[in-house]
Amino acid sequence: MDMYDMIILGGGAAGLSAGIYASRGGINVMLLEKDAPGGQLLLTDNIENYPGYEHIEGFELAQKFMRHAQKFGLNMQYEGAENIKIHDDHVEIETKSNIYKTKYLLVAVGSNPRKLGIPGEDKFRGKGVSYCATCDGAFFKDKNCIIVGGGDSALDEGIALTKFAKKVTIVHRKNDFRAEPYLVDLAKNNEKIEFLMNHEVKEILGEDKVNEVLLYNNKENKEYKMPIDGVFVFIGYVPNSKILEGQIELENGEIVVDSFMKSSHPRVYAAGDIRRGSVKQVAASGGDGVMAAIQIMHKLRAEG
Ligand code: NDP
């Protein structure tokens, strides 16, 4: 079994940025990605804050990252890690078909959408319930939809959904938003968007697809039903770190790292949304990946 210098888990902004630096740096690096490369970029409609681009679509930026990595010959394999064993001097990664050994592991696997955990959510997933307006918005042309959540994702995706939907109602459990004020203003100025503050979704109902939701007004302590075609859930993300539990330090599922992106184990680094303290921005995740790749290359040089 070959020993890699560095294996990167995850092909989002963090993993691909690390891959660009590491492959250009000439080390023996491989990136493992279980789905399509791009990560959260593929779920983001419009990006207006990636330096150098006043506006770019998430998909297009993901393509640019990929092509850039390919230019330097990054070895990418489409496999997911099933098991990870961390040893003193190397790390083993088991996929469905292979076991890989590496001197250093960079974990850049990001996170998955958090679920509401209410009746009907799983039953109607793909039948009116979605976690990505950018991906599924086109299925809701001229339909009435709700967005659940009050952070940047909810507002951003709510605005994106108005390209297709007839009306988008943002349902938020509090009376004020966590989202950036500029996004709140954009949503308030969008004539297709309405707001239901102090509201919670208690149940998603329908027959073969969603046709109504049971809402709870937590200010007036009242429940009522609202007819609806689509329910989009944006209530944060859960880090994909289960595979590392008990092996390195985690806090609320996020990997604890130092300022060089090193985890509590010297052979494991983390970058992007998965690491504690991430600001969950494309540019910052890219920066994390770059930092980790450079640190790992320093370590490899020092080891000779
Ligand atoms: P956040 O964690 O920021 O917000 C989650 C929202 O969901 C909060 O309003 C929260 O409510 C609500 N919520 C959480 N759990 C529940 C629940 N069980 N039921 C109902 N509501 C719930 O997540 P986001 O995905 O919005 O953002 C994640 C990160 O990504 C942030 O750092 C954000 O800034 C960044 N981001 C940036 C973007 C940009 O710059 N354009 C775009 C998208 C994301 P409450 O407020 O009551 O806790």
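Counting convention: from 1, in listed order, for ligands and their atoms alike. Residue numbers run from 1 in the order of the sequence given.
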With the threshold set at 4.0 Å, does a side-chain nitrogen-carboxylate oxygen contact exist between Glu79 and Lys96? no

Is the shortest side-chain N to carboxylate O distance from Lys103 to Asp5 below 4.0 Å? yes

Please answer whether the main-chain N or O of [Y] pairs with a side-chain N or O of [X] as donor and acceptor at a distance below 3.5 Å.
X: Ser241; Y: Gly253; result: yes
X: His298; Y: Ala302; result: no
X: Glu157; Y: Ala133; result: yes

Count the heavy atoms of every other residue, nucleotide or ligand shown that sit under 6.0 Å from CG of Asn252, and state whether that count exceeds 12. no

Examine the proximity of ligand 1 to [X] and report which part, side chain or backbone, both or neither, has a heavy atom under 4.0 Å away.
X: Glu48; result: neither
X: Asn49; result: side chain
X: Asp156; result: side chain
X: Arg178; result: side chain
X: Leu116; result: side chain
X: Tyr237; result: side chain
X: Gln281; result: side chain

of all protein heavy atoms, closest to atom 34 (O) of ligand 1 is Asp152 OD2, 2.6 Å

Quick test: of every protein heavy atom, which one is nearest to atom 17 (C) of ligand 1, and how far off is it to 0.1 Å? Arg173 NH1, 3.4 Å

State which residue, out of Ile255, Val257, Val256, fulfils the side-chain contact (heavy atoms from CB on, under 4.5 Å) condition with Ile248. Ile255

Candidate with minimal heavy-atom separation from atom 27 (O) of ligand 1, of Gly150, Ser153, Gly151, Gly149: Ser153

